[in-house]
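Starting off with a structure, shown below.
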Amino acid sequence: MYQPHPQSKAAYKLLHDGVLALGRAEQRGIRLDLKYCHAETERLTREIKALEQAFHHTKFYRHWFKTLGGRTPNINSNAQLGNFLYKRKKLKPIKTTVTGQGSTDEEALLQLNIPELNDLLRLRGLKKIRDTYLKGFLKEQVGGRVHPNFNLHIARTYRSSSDRPNFQNIPKRDEEAKRICRQALFPSKGYQLMAVDYSGIEVCVSACYHQDPTMMKYIKDPKSDMHRDMAQQVYELKTYDPSITGHKVLRSAAKNGFVFPQFYGDYYRNCAISMACNWGKLPDGRWKPGQGIPLGDGSLSDHLLGQGHKSLEQFADHVQRIEKDFWGRRFRVYARWKEKTWEQYQRTGYVELLTGFRCGGLMAYNDVTNYPIQGAAFHCLLKAFVLADRELRARKFKTRLIGQIHDEMILDVWPPELDEVGELLLDVMTQQVPEEWPWIVVPLTVDMEVSPVDGSWQEMGSYVRDARK
DNA sequence: GGAACTCGCCAC
DNA sequence: AAACGTGGCGAGTTCC
């Protein structure tokens, strides 16, 4: 493994202070509801067994069994499943894995439109929750607490990683998985959990590198909204109105299907597919009326057919023009920064972070333009983590930091200290960090969430400072 | 019986 | 110039 190491004294100090602060968080750890973990593991096992029983009685399974000549299929084995689907049944995989095998991931299986495969996907999901998360917590717990590790010496970007257990990939988007997993994690008895994250820190840090005027305006003007603007452009909406059915969905499709992938270095074709995938199946490559999400009085496909987009190919051409406009006009200064940074890497063999680190070694174009942003964005959080840890201890708070998820800190808060802690974190993250680093030329903002006293990590709700204090 | 690998999937 | 960046981890599989 390529071993990164800091290139400047300031960079070294950040890692040194960071390791100590993270070590204290590891020591504190997080309370685990052991009884819940055991009971929920058993409940999931019962549900999994019932689903497996039902699956064993399907025509699909019996066929699979026969093709193995008496051997019992292992329904956890994607290799066996892939063989059955793509070699025995001769179905056509929609995509292959890196080694050229037919893919059996969720997207590929759904495309085959075989009802029994939905049961298999449901089983996969439940096993992931039980085996990776609940059992993973139980395996690592000591005296009813888990103490996740936070590493600063692994990621090539100088980001952090976490393990035993990984505190940075606990389900959040899928409601059921989120509930089951986060219901296991609690503040100390009589305490409450607090989470504070930087809003859009990677976008803000990228702006510190290139200072693209369009991007600066988007960051500084609270009325502007680049995801809204891109939704309007991609989907050709005359106006954007969050109260119109479907508009918020399209904003989020533009954000996660175009803006962020473009920043990471994706290109128009993938973006077009991603932004069109809600529109139902395209058996002949052409869209029909009434497909896709509801939009206004009709559907998305009605709207786009009206705009002349009859097929994915036409839509992709449209997205290609938008990509050209995105980098050639809208964010041309950002685009120039990418090119300059790439040239510099080719000349010197490394790329510099604003925080004093260097990323070297063999890198692709996307790596060179992404690493400095990803790394320095995390360093904002790490610097804030160090300062907050120092201040909490100096002021003899009972509240302590317990973890960090790239752009977010998690604290175990003593309830009487809640509002003071909120003030402290706001000050550290939005004032002290930018004061220490003059290269931060855009305002940084945060979002805060808290759990009820003795509430689990699943019960986090937005925190609004009490104005009377 | 363990190391190394593949695949899929969770987070930011 | 290249065609989505960074991690961890479980189960299955292959190799020694």
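The figures here come from the full heavy-atom set of this structure, side chains too, leaving out hydrogens, waters and symmetry mates. Quick caveat, the model's predicted, so the values are computed rather than measured. Letters A, B, ... are given to chains in the order of the sequence lines, protein chains preceding strands, and every chain is numbered from 1.
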TODO: Just compare C/dC4, C/dC9, B/dC10 and give me whichever is closest to any side-chain atom of A/Asn366.
DONE: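 Nearest to the side chain of A/Asn366 among the choices is C/dC4.
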Task: A/Glu140 CD to C/dG8 C1', straight-line distance once rounded to whole Å - done: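 Those two atoms, CD and C1', are 12 Å apart.
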Open item on the list: Quick check for you: among C/dA1, B/dC12, B/dT6, whose closest atom lies nearest to any side-chain atom of A/Asp407?
Closed with: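 Selected nucleotide (nearest to the side chain): B/dC12.
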TODO: Looking at every strand, decide which applies to A/Ser160 at a 4.0 Å heavy-atom threshold: base, sugar-phosphate, or nothing.
DONE: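 Contact class for A/Ser160: none.
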TODO: Identify whether any heavy atom of A/Thr369 sits under 4.0 Å from a base atom; if not, whether one sits that close to sugar-phosphate; answer base, sugar-phosphate or nothing.
DONE: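 Touches nothing.
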Open item on the list: Taking A/Asp105 first and then A/Lys95, would you say they form a salt bridge - that is, a charged N and a carboxylate O separated by under 4.0 Å?
Closed with: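 Looking at A/Asp105 and A/Lys95, the cut-off is met.
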- [ ] Take A/Asn74 and A/Gln346, find for each the nucleotide of DNA chain C with the closest heavy atom, and name the residue whose nucleotide sits nearer the 5' end.
- [x]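 That would be A/Gln346.
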Task: Basic-acidic side-chain contact under 4.0 Å: A/Lys135, A/Glu40 - done: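 Salt bridge between A/Lys135 and A/Glu40, a charged N being under 4.0 Å from a carboxylate O: no.
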Open item on the list: Could you check whether A/Arg122 pairs with A/Glu47 (Lys NZ or Arg NE/NH1/NH2 to Asp/Glu carboxylate O, under 4.0 Å)?
Closed with: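 Yes, A/Arg122 and A/Glu47 are salt-bridged.
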- [ ] Report yes or no: is the cationic atom of A/Arg159 (NZ for Lys, CZ for Arg) under 6.0 Å from the centre of the six-membered ring of A/Phe378, at an angle within 45° of the ring normal?
- [x]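 A/Arg159 over A/Phe378 ring: no.
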TODO: Tell me whether the OP1 or OP2 atom of C/dG8 has a side-chain N or O from A/Ser161 closer than 4.0 Å.
DONE: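 Looking at the OP1 and OP2 atoms of C/dG8, one of them is under 4.0 Å from a side-chain N or O of A/Ser161.
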TODO: Look at A/Arg173 and B/dC12 and indicate whether a side-chain polar atom (N or O) is within less than 4.0 Å of OP1 or OP2.
DONE: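 For B/dC12, OP1/OP2 do have a side-chain N/O of A/Arg173 under 4.0 Å.
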Open item on the list: If you compare every side-chain N and O of A/Tyr267 against the phosphate oxygens of C/dC4 (OP1, OP2), does one of them come in below 4.0 Å?
Closed with: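 For A/Tyr267, the contact criterion (side-chain N or O under 4.0 Å from OP1 or OP2 of C/dC4) is not met.
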Open item on the list: Once you measure the plane-to-plane angle for A/Phe55 and A/Trp64, does it fall in the parallel (<30°), tilted (30-60°) or perpendicular (>60°) bin?
Closed with: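 Rings of A/Phe55 and A/Trp64: perpendicular, over 60°.
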TODO: Would you classify A/Glu106 as touching base, sugar-phosphate or nothing, given that sugar-phosphate means primed atoms plus P, OP1 and OP2, and contacts are heavy atoms under 4.0 Å?
DONE: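 A/Glu106: backbone/sugar contact only, no base atoms under 4.0 Å.
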Open item on the list: Does the structure show A/Tyr264 stacking with C/dG5, if we require the centres to be closer than 5.5 Å and the planes to be within less than 30 degrees of parallel?
Closed with: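 Answer is yes, a stack.
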Open item on the list: What contact category does A/Glu408 fall into here, base, sugar-phosphate, or nothing, at under 4.0 angstrom with non-hydrogen atoms?
Closed with: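 No contact.
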Task: Distance test, side-chain N/O of A/Asn166 to OP1/OP2 of C/dC9, below 4.0 Å - done: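 A/Asn166 to C/dC9 OP1/OP2: no side-chain N or O under 4.0 Å.
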Open item on the list: I want to verify a distance call: between C/dG5, C/dG8, C/dA3, whose nearest atom is closest to the A/Lys128 side chain?
Closed with: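 Of all the options, the side chain of A/Lys128 is nearest to C/dG8.
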Open item on the list: Check the phosphate of C/dT13 against A/Gln80, side-chain N and O only, distance under 4.0 Å to OP1 or OP2. Yes or no?
Closed with: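 Yes.
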